[in-house]
Enquirer: 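Quick one: the structure is below, questions incoming.
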Amino acid sequence: MKLSKLFTKTLKTNPADETAINAQLLIRGGFVSKVMAGVYEYMPLGWRVLQKINNIIREELNKIGADELYLSVFQDRETWQATGRWDSAKEVMYQFKDTTGKEYGLGFTHEEPLTATARHYINSYKDLPKAVYQIQTKFRNEARAKSGLLRGREFLMKDLYSFHTTQEDLDQYYEKVATAYDTIFSRTGLKAVRTFASGGLFSRFSDEFQVVSEIGEDTIYINEEKNRAVNKEVNTDEVLNELGWDKTKLVEKPAIEVGNIFKLGTRFSEPLKLSYTDESGDSKPVIMASYGIGPGRVMGAVVEVSHDDKGIIWSEQIAPFKVHLISLGKNAEAEDVYQKLQASGIEVLYDDREDKAAGEKFADADLIGCPWRLVVSGKMADDQIEIKKRPDPTPQVVKRSEIINLLK
Ligand code: ATP
Ligand code: MG
């Protein structure tokens with residue numbers, strides 16, 4: 001991609017109405033554009049990052065046998081009334097009537113509609129277990145939408161749901177998902193701590209995946225030896241006793257919840273009558289679990305934990321491009337490097353702008369935060385190119401012919 005053709009422009013100063021670092025840097029870099037509090041549009045650079053996060057999630061979930069589907073954002077009142085949640089959902093759910101007076105809500109989670117849909121396909125023990133997920137826009141009437149991508153009112157969620165005949169089968173799958181989550185977060189460049197939390201409907205705990213950061217709204221207590229934590233809400237003496245953890249050794253930290261997994265049991269299958277016939281012909285409710293990740297929140301969290309005073313520092317796996325190539329008055333030569341990088345499958349953002357000074361180009365490269373910066377300039381010998389890793393301060397000059405091998 002060429003910077004001269006890019007839809008967005010960078011900003012030199014922080015937007016006045018944003019206090020969160022992720023929002024400031026992502027807006028300045030042209031990754032996202034703000035529509036209103038808690039609502040952001042993804043611009044080409046931001047969309048590339050988001051798609052990479054989504055694809056990491058897809059790869060890891062497909063490996064554990066989950067299939068991707070896509071549900072409706074529209075949800076009807078009847079289904080939510082069956083579980084008794086329509087009225088209590090009002091606080092977060094955008095609910096409205098159509099011209100005939102029929103009531104709907106915009107999805108903020110999908111346990112109800114998916115459980116209803118699953119009745120078409122799950123009838124017998126032979127149909128189980130099953131696991132499906134989607135990556136879809138959710139809507140929540142969030143009261144405190146001032147942390148940029150961390151807390152949107154419109155945001156993307158990956159929600160996975162699994163269906164089982166027995167608690168043991170569910171428990172096993174649940175652990176597989178937890179392991180997949182560890183891989184997903186570390187591939188995006190995040191260090192996420194699995195955290196005991198309250199709120200499991202049919203289990204003692206639910207599990208949150210928390211990333212330590214000053215901006216985090218949660219407080220967690222980390223057991224560094226075990227690389228696990230407990231959320232403040234469940235940090236009682238009783239819980240610590242149960243876990244056998246020594247209170248004095250726990251480290252208190254603010255953290256961002258990037259993922260959350262729950263054992264639901266039969267909370268949804270019973271009221272919505274999702275049942276199966278077992279081997280002896282008896283009808284039983286299906287046992288369920290649900291598992292969420294916020295890809296936009298992940299993107300915001302990466303920016304929060306990985307930046308410096310110049311801009312963002314992306315990991316290679318989710319950077320919009322691996323390479324940021326800058327031409328300083330040498331467009332013909334730089335164009336040649338650009339073509340060669342692309343031909344060898346290396347993703348490159350090429351700053352071919354002729355009306356920008358070197359300082360401005362370097363500042364943009366630091367702000368956008370691709371892992372490698374290449375510079376082709378008139379100050380170097382014809383066969384040379386400068387290479388620098390973000391955020392290292394010192395560049396190296398190497399032979400242009402070596403660049404592909406170096407980057408691979
Ligand atoms: P929180 O405690 O932060 O309000 P939650 O516990 O309500 O989140 P879930 O309903 O479990 O979150 O949603 C699953 C995942 O979706 C969360 O772990 C988070 O990564 C993401 N998520 C939830 N709410 C938002 C939001 N408003 N904006 C962006 N991502 C969100
Ligand atoms: Mg939560």
Side-chain angles (χ1 to χ4, degrees), residues 20 22-23 26 32 34-42 46 49-50 53-54 56-57 61 75 85 88-89 91-94 105-112 114 133-161 174 177-178 180-182 184-185 188 190 192-201 203 205-211 213 215-220 229-234 254-264 267-268 288-305:
N22 75 88
L26 289 168
V32 301
K34 186 179 193 171
V35 181
M36 58 185 105
V39 182
Y40 295 87
E41 296 168 327
Y42 287 84
V49 174
L50 194 66
I53 294 169
N54 290 344
I56 289 173
I57 294 173
L61 295 185
Q75 304 193 356
R85 296 213 300 170
S88 61
E91 263 180 47
V92 277
M93 194 185 214
Y94 290 98
L106 297 181
F108 71 94
T109 187
H110 276 77
E111 281 82 3
E112 275 86 352
L114 180 62
Y133 70 96
Q134 61 173 343
I135 297 176
Q136 196 213 33
T137 303
K138 299 278 194 272
F139 296 87
R140 288 189 187 184
N141 192 0
E142 296 276 9
R144 298 157 295 152
K146 51 181 171 43
S147 325
L149 296 191
L150 301 182
R151 189 168 291 287
R153 293 193 290 149
E154 174 183 340
F155 63 97
L156 217 54
M157 194 197 287
K158 182 289 297 171
D159 40 333
L160 162 69
Y161 304 85
Y174 188 89
V177 178
Y181 270 35
D182 285 337
I184 289 166
F185 294 125
T188 65
L190 288 177
V193 191
R194 186 169 169 187
T195 302
F196 291 99
S198 58
L201 288 172
S203 60
F205 302 108
S206 70
D207 288 273
E208 294 169 346
F209 291 76
Q210 296 274 3
V211 173
S213 165
I215 197 177
E217 292 177 18
D218 287 22
T219 303
I220 61 168
V230 291
N231 196 303
K232 187 175 185 175
E233 301 165 348
V234 295
I256 304 165
E257 177 205 305
V258 286
N260 201 347
I261 62 182
F262 285 97
K263 294 176 183 174
L264 304 172
R267 168 68 183 88
F268 296 92
M288 294 170 55
S290 72
Y291 318 80
I293 292 180
R297 187 180 282 187
V298 166
M299 181 168 160
V302 168
V303 177
E304 290 291 336
V305 300

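Any value given below was found using the heavy atoms of this structure, including those in side chains, with hydrogens, waters and symmetry copies removed. For clarity, every value in this text was computed on a predicted model and none was experimentally measured. Just so you know, ligand 1 is whichever comes first in the structure, and atom 1 is the first atom listed for that ligand.
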Enquirer: What are the two closest non-hydrogen atoms of Arg140 and Phe108, and how far apart are they?
Expert: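 Minimum heavy-atom separation between Arg140 and Phe108: NH2-O, 3.0 Å.
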Enquirer: Establish, from distance only, whether the side-chain atoms of Tyr174 and Asp207 form a donor-acceptor pair under 3.5 Å.
Expert: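 Yes - a donor-acceptor pair under 3.5 Å links their side chains.
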Enquirer: Heavy-atom distances under 4.0 Å are what count here, so tell me which part of Arg140 touches ligand 1: side chain, backbone, both or neither.
Expert: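 For Arg140, the contact with ligand 1 is made by the side chain alone.
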Enquirer: Could you verify whether a donor N or O on one side chain and an acceptor N or O on the other, from Gln134 and Asp159, lie under 3.5 Å apart?
Expert: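 There is such a pair (donor and acceptor under 3.5 Å, judged by atom type) between the side chains of Gln134 and Asp159.
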Enquirer: Look at atom 17 (C) of ligand 1 and say which protein heavy atom is nearest, naming residue and atom and giving the distance to 0.1 Å.
Expert: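 The closest heavy atom on the protein side is Glu257 OE2, 3.2 Å.
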Enquirer: So, does Gly296 sit close enough to ligand 1 that a heavy atom of it is under 4.0 Å from the ligand?
Expert: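 Gly296: no contact with ligand 1 (<4.0 Å).
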Enquirer: Please determine if Gly294 has a nitrogen or oxygen closer than 3.5 Å to a nitrogen or oxygen of ligand 1.
Expert: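 Looking only at distances, the answer is yes, because the N/O contact criterion of under 3.5 Å is met.
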Enquirer: Quick check on contacts: which atoms of ligand 1 are under 4.0 angstrom from a heavy atom of Gly152?
Expert: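 By the 4.0 Å cutoff, the relevant atoms are 26 (C), 27 (N), 28 (N), 29 (C).
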Enquirer: Is there a heavy atom in Leu150 that sits closer than 4.0 Å to ligand 1?
Expert: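 So Leu150 counts as touching ligand 1.
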Enquirer: Report, in ascending order of atom number, the atoms of ligand 1 lying under 4.0 Å from any heavy atom of Asn260.
Expert: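 What qualifies from ligand 1 is 6 (O), 11 (O), 18 (O).
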Enquirer: Closest heavy-atom contact between Tyr40 and Ala23?
Expert: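 Where Tyr40 meets Ala23 most closely, the heavy atoms are OH-CB, 4.1 Å.
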Enquirer: Do any nitrogen or oxygen atoms of Phe262 come within less than 3.5 Å of a nitrogen or oxygen of ligand 1?
Expert: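 For ligand 1, there is no N or O atom that lies under 3.5 Å from one belonging to Phe262.
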Enquirer: So which atom in Ala145 and which in Ala37 form the shortest heavy-atom distance, rounded to 0.1 Å?
Expert: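 Answer, listing the atom of Ala145 first, then Ala37: O-CB, 3.8 Å.
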Enquirer: Within a distance under 4.0 Å of any heavy atom of Glu142, pick out the atoms of ligand 1 and give their elements.
Expert: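 This gives 24 (N), 26 (C), 27 (N) as the contact atoms.
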Enquirer: Would you mind naming the N, O or S atom of Glu257 nearest to the Mg ion (ligand 2)?
Expert: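 Per the distance ranking, Glu257 contributes OE1 as its closest N/O/S atom to the Mg ion (ligand 2).
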Enquirer: Strictly by modelled atom types, are Ser290 and Glu111 linked by a side-chain donor-acceptor pair under 3.5 Å?
Expert: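 Per modelled atom types, Ser290 and Glu111 side chains form a pair under 3.5 Å.
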Enquirer: Taking a cutoff of less than 4.0 Å between a non-hydrogen atom of the residue and any ligand atom, is Val258 in contact with ligand 1?
Expert: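 Yes; Val258 lies near enough to ligand 1 that a heavy-atom distance drops under 4.0 Å.
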Enquirer: For Lys34, does the NZ atom have more than 12 heavy-atom neighbours from other residues, nucleotides or ligands under 6.0 Å away?
Expert: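 It does: Lys34 NZ has more than 12 such atoms within range.
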Enquirer: Nearest heavy-atom pair of Gly216 and Ile256: which atoms, and what distance?
Expert: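 Between these two residues, the closest heavy atoms are CA-CG1, 3.8 Å.
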